[in-house]
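The next block holds one structure in the form of structure tokens; read it before the comments.
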Amino acid sequence: MHDDTTRFMADVIAGLGATPKRLSPKYFYDAAGSALFLDITRLDEYYVTRAELEILGQYASDIAAHVPAGAVLVEFGSGASTKIRKLLDALPRLAGYVPVDISVELLAQEAEELHRDFPALPVWPIAADFTTEFALPAAAAHSPKVGFFPGSTIGNFEPHEAEHFLACAAHTLGPGAAFIIGVDLEKSPATLNAAYNDAAGVTARFNLNMLARIRRELDAQIDLQGFRHHAFYNTDARRIEMHLVATRAQTVRVDGHHFDFAAGESIHTENSYKYTQARFAELAARAGWQIEASWTDAQGLMSVQALRCRS
Ligand code: SAH
Ligand code: AVI
């Protein structure tokens, strides 16, 4: 069995065996899940992408002022690389662009397209889980590094995991590095609930694809009709929670293990934390980063933050 499949199998068995049951959101992004995420970014209800693109368009030159000429830009969770395309024209000449993503097929395809569209820009893709340590390309060794983490993917970490991630990124990017991060802001529960419960049911398909993937890749016995999408804003924890809820009592079988579900029991698949400017600044400071500037869209839905590594 391939290493990635072995790890996926072990995580699924541990997650379904836990109480309450859970699966990591990093497993949303096989080829089908990455395509569904792209569909989400085009939904009317999903303000995150639209608002962030507005910020990147409007403040491109202010953001670019935080990127030194000759820098290597490392994007964590680059996906379709849509947002770097929006910034590239405003940025000083980069020594290279390093898209890092767990979605291997999408990463390869986007690297090829970027190379075609920006032939002067060296593109060094890294297929990796950004929660684990990974090495930057040797060619990047002597250039200043700038991190780029758009899309509010940082919100998919628990706050203590976000802090740990930022501390590791400080180590990877080096002293004095800049880090441009998209951070989603607290807002009305109605807006949030709509964004994760779109009328067309795309987010539901994205969530349910996790089970389809487990069935496909791990040869698991799961009745996909036996689960439904459930997403809601947890006001106390300041996060959207996504769950897959069993619509009836049933058993899921994976590699000789069986997992019993009561009707209504859920698998927690994702958190999407929302921050205030102050709470995010405190978290970043604990991880060794200082916020130098931040921008929001006209409606104040989403933010982009420019951080500097203090050490
Ligand atoms: N940056 C894009 C995509 C955000 S979706 C945007 O702003 O629209 C989250 C991206 O992070 C996906 O492309 C997914 O494959 C990737 N991702 C999620 N968890 C990951 C992990 N642990 N390691 C590496 N990439 C991950
Ligand atoms: C990638 N990430 C920031 C998205 C989010 O909003 O938390 C994933 C997503 N989940 C449901 N819709 C979009």
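All ligand and atom numbering here is 1-based and tracks the order in the structure.
Regarding atom 22 (N) of ligand 1, its nearest protein heavy-atom neighbour is Asp129 OD1, 2.9 Å. For atom 10 (N) of ligand 2, the nearest non-hydrogen atom of the protein is Glu270 OE1, 2.7 Å. Considering only non-hydrogen protein atoms, atom 25 (N) of ligand 1 sits nearest to Ile102 N, 3.2 Å. Scanning all protein heavy atoms for the shortest distance to atom 2 (N) of ligand 2 gives Asn156 OD1, 2.9 Å. Summary of contacts: the protein heavy atom closest to atom 15 (O) of ligand 1 is Asp101 OD1, 2.5 Å. The protein heavy-atom contact nearest to atom 7 (O) of ligand 2 is Ser272 OG, 2.7 Å. Atom 4 (C) of ligand 2 has its closest protein heavy atom at Tyr46 OH, 3.3 Å.
A distance below 6.0 Å separates the ring centres of Phe179 and Trp289. With ring centers used as reference points, Phe130 lies under 6.0 Å from Phe149. Less than 6.0 angstrom separates the ring centroid of His243 from the ring centroid of Phe232.
Ion pair Glu241/Arg239 flagged as a salt bridge, since at least one NZ, NE, NH1 or NH2 atom sits closer than 4.0 Å to an Asp/Glu carboxylate oxygen. Electrostatic pairing of Arg85 and Asp117 counts as a salt bridge here, judged by a charged N lying under 4.0 Å from a carboxylate O. Ion pairing between Asp101 and Lys26 fails under the 4.0 Å rule for side-chain N and carboxylate O.
The option from Ser152, Gly77, Gly79, Gly33 that lies nearest to atom 1 (N) of ligand 1, judged by heavy atoms, is Gly77. The option with the heavy atom closest to atom 24 (C) of ligand 1, from among Ser81, Gly151, Ala128, Ser103, is Ala128. The heavy atom nearest to atom 26 (C) of ligand 1, considering only Phe130, Phe76, Tyr27, is found in Phe130.
Cation-pi check for Arg213 over Phe8 is met; the charged atom lies under 6.0 angstrom from the ring centroid and within 45 degrees of its normal. Remark: Lys21 fails to qualify as a cation-pi partner of Phe259 under the 6.0 Å distance and 45° angle criteria applied to the six-membered ring.
Ligand 1 places these atoms under 4.0 Å from at least one heavy atom of Pro150: 1 (N), 7 (O). Close approach to Ser152 involves these atoms of ligand 2, each under 4.0 Å from a residue heavy atom: 3 (C). Ligand 1 places these atoms under 4.0 Å from at least one heavy atom of Glu75: 1 (N). Short contacts between ligand 2 and Ile40, defined as distances under 4.0 Å to a heavy atom of the residue, involve ligand atoms 12 (N). Less than 4.0 angstrom separates some heavy atom of Thr153 from each of these atoms of ligand 1: 4 (C), 9 (C). Using a 4.0 Å cut-off to heavy atoms of Phe37, the atoms of ligand 1 that qualify are 3 (C), 4 (C), 5 (S), 8 (O). Distances below 4.0 Å separate heavy atoms of Gly151 from the following atoms of ligand 2: 3 (C). If you number the atoms of ligand 2 from 1 as listed, the ones under 4.0 Å from a heavy atom of Tyr29 come out as 1 (C), 8 (C).
Asp184 and Tyr273 are not linked by any side-chain donor-acceptor pair at a separation below 3.5 angstrom, with hydrogens and angles left out of the test. Side chains of Ser303 and Gln305: a donor-acceptor N/O pair is present below 3.5 angstrom, by distance only.
Contacts of Phe206 with ligand 2, taken as heavy-atom pairs under 4.0 Å, involve the side chain alone.
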Step-by-step salt bridge (charged side-chain N to carboxylate O under 4.0 Å, His left out) determination, Arg253 to Asp219: CA-CA 9 Å; Arg253 292 187 170 75; Asp219 203 21; over 6 Å; no

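Not a single heavy atom of Ser34 sits closer than 4.0 Å to an atom of ligand 1. Note on ligand 2: Thr203 sits in its first shell, one or more heavy atoms being nearer than 4.0 Å.
Using cut-offs of 30° and 60° on the angle between ring planes, the pair Phe37 and Phe206 is tilted.
Close N/O approach between Tyr29 and ligand 1 is not found [any backbone or side-chain N/O within under 3.5 Å]. Taking distance alone, with nitrogen or oxygen atoms compared against 3.5 Å, Lys83 approaches ligand 1 more closely than that limit.
Pro150 places a side-chain heavy atom less than 4.5 Å from the side chain of Glu75.
A side chain to side chain contact (heavy atoms under 4.5 Å, CB included) with Ser272 is found for exactly one of Val48, Asn156, Thr153, namely Asn156.
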